[in-house]
Amino acid sequence: MDGRSLPTSVVTRSGSQHGHWMEQRRGSLMVVATVIATMTFQIAINPPGGVWQSKAGSKEGCAPGKICEAGTSVLAFGGENHQQLKYEIFILLCTISFSASLTTILLLICGIPLRNKCFTWLLIIVMCISVICTAGAYVICILMVLNPHDDDTTINGITQIYALFWGGLTVLVCLVLFCRFVFWLLKLFFRLLCCCCSRVKPSTENHLV
């Protein structure tokens, strides 16, 4: 057996395994993005609290001075302002999550190269935004369907702990991503600096000769 054939086969096997791993990552991202997009779309068209079954006025629970049309969200046009604010935040989070998931699906369909670290970082950031907004939408949804005048602190406490957990996890993920991004920038900077120094050194030696 030729001594040079072993390294070549090892490199070929390593490259094929790396390519297979990239395809698995692409498939996983596609599945996750599709699930989140489907879920947020269903939440948007089937909002918590339901929709008005017929045209309603203030006597039926609609906001004073407004007419609630059939098919519109009950919480969006209810009589309490704090519920309307929560619903607006809920729709905003769902829209961000849905848009981020669609962006990921579109980039993967277009054949974005996952070997490129910039594109990989872009997909990771977009998916993190999608997951975090989905968690935030869940918290707002729970707060909307709970009775604001109920003194039961068990569910409220669990919801607050859940919100604090995801808030802390979001901050932690942002810090980790920021540190990794700074480390990547520093590594790229020193690599460019070494390349510049290696090009300048031969030129100075030629001038001395």
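- In the hydrophobic cluster analysis, where Ile, Leu, Val, Met, Phe, Trp and Tyr join through side-chain heavy atoms closer than 4.5 angstrom, Phe178 is grouped together with Leu186.
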**Study point:** Ile91 vs Tyr87, side chain to side chain contact (heavy atoms under 4.5 Å, CB included): CA-CA, chis, key distance, verdict
**Key:** CA-CA 6 Å; Ile91 290 297; Tyr87 185 80; 3.6 Å; yes
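- Separating the CZ atom in Phe165 from the CG atom in Leu172 is a distance of 10.0 Å, to the nearest 0.5 Å.
- The two residues Val126 and Ala100 have their closest heavy-atom pair at CG1-O, 3.1 Å.
- We find the SG-NZ distance between Cys141 and Lys86 to be 11.0 Å, quoted to the nearest 0.5 Å.
- For the atom pair SG of Cys133 and CD1 of Ile36, the computed distance is 10.0 Å after rounding to the nearest 0.5 Å.
- Listed for the Ser99 side chain is a donor-acceptor partner under 3.5 Å among the backbone atoms of Thr95.
- Atom-to-atom distance recorded for Ser101:OG and Leu29:CG is 11.0 Å, nearest 0.5 angstrom.
- Hydrophobic clustering, with ILVMFWY side chains joined whenever heavy atoms are under 4.5 angstrom apart, keeps Leu123 apart from Val35.
- Counting heavy atoms from C-beta on, the side chains of Tyr162 and Tyr138 come closer than 4.5 Å.
- Placement of Phe98 and Ile45 within a single hydrophobic cluster is found when ILVMFWY residues are connected by side-chain heavy-atom separations under 4.5 Å, directly or transitively.
- One finds the CD1 atom of Ile129 at 11.5 Å from the OG1 atom of Thr134 (value rounded to the nearest 0.5 Å).
- Within the 4.5 Å cutoff, the side chain of Thr104 has no heavy atoms near those of the Val32 side chain.
- Rounding to the nearest 0.5 angstrom, the gap separating the CE atom in Met127 from the OG atom in Ser130 is 5.0 Å.
- Ile124 and Leu106 fall into different hydrophobic clusters, defined by Ile, Leu, Val, Met, Phe, Trp and Tyr side-chain heavy atoms under 4.5 Å apart, directly or through other members.
- The side-chain hydrogen bond (donor to acceptor under 3.5 Å, both in side chains) analysis of residues 29-51, with sequence neighbours excluded, yields the pairs Gln42-Asn46.
- Proximity of Leu107 to Leu122: side-chain heavy atoms (C-beta onward) are separated by under 4.5 Å at one or more points.
- Looking only at side-chain heavy atoms (C-beta outward), Ile43 and Phe90 come within less than 4.5 Å of each other.
- Under the 4.5 Å side-chain contact rule for hydrophobic residues, Ile89 and Leu164 do not share a cluster.
- Residue pairs meeting the side-chain hydrogen bond (donor to acceptor under 3.5 Å, both in side chains) criterion with at least one member in residues 167-185, sequence neighbours excluded, do not occur.
- Inter-residue side-chain proximity for Leu102 and Phe41 is flagged as unmet; no heavy-atom pair is nearer than 4.5 Å.
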Exercise for review: Decide yes or no on side chain to side chain contact (heavy atoms under 4.5 Å, CB included) for Leu93 and Ile132, but give the supporting numbers first.
Suggested key: CA-CA 9 Å; Leu93 292 174; Ile132 291 169; over 6 Å; no
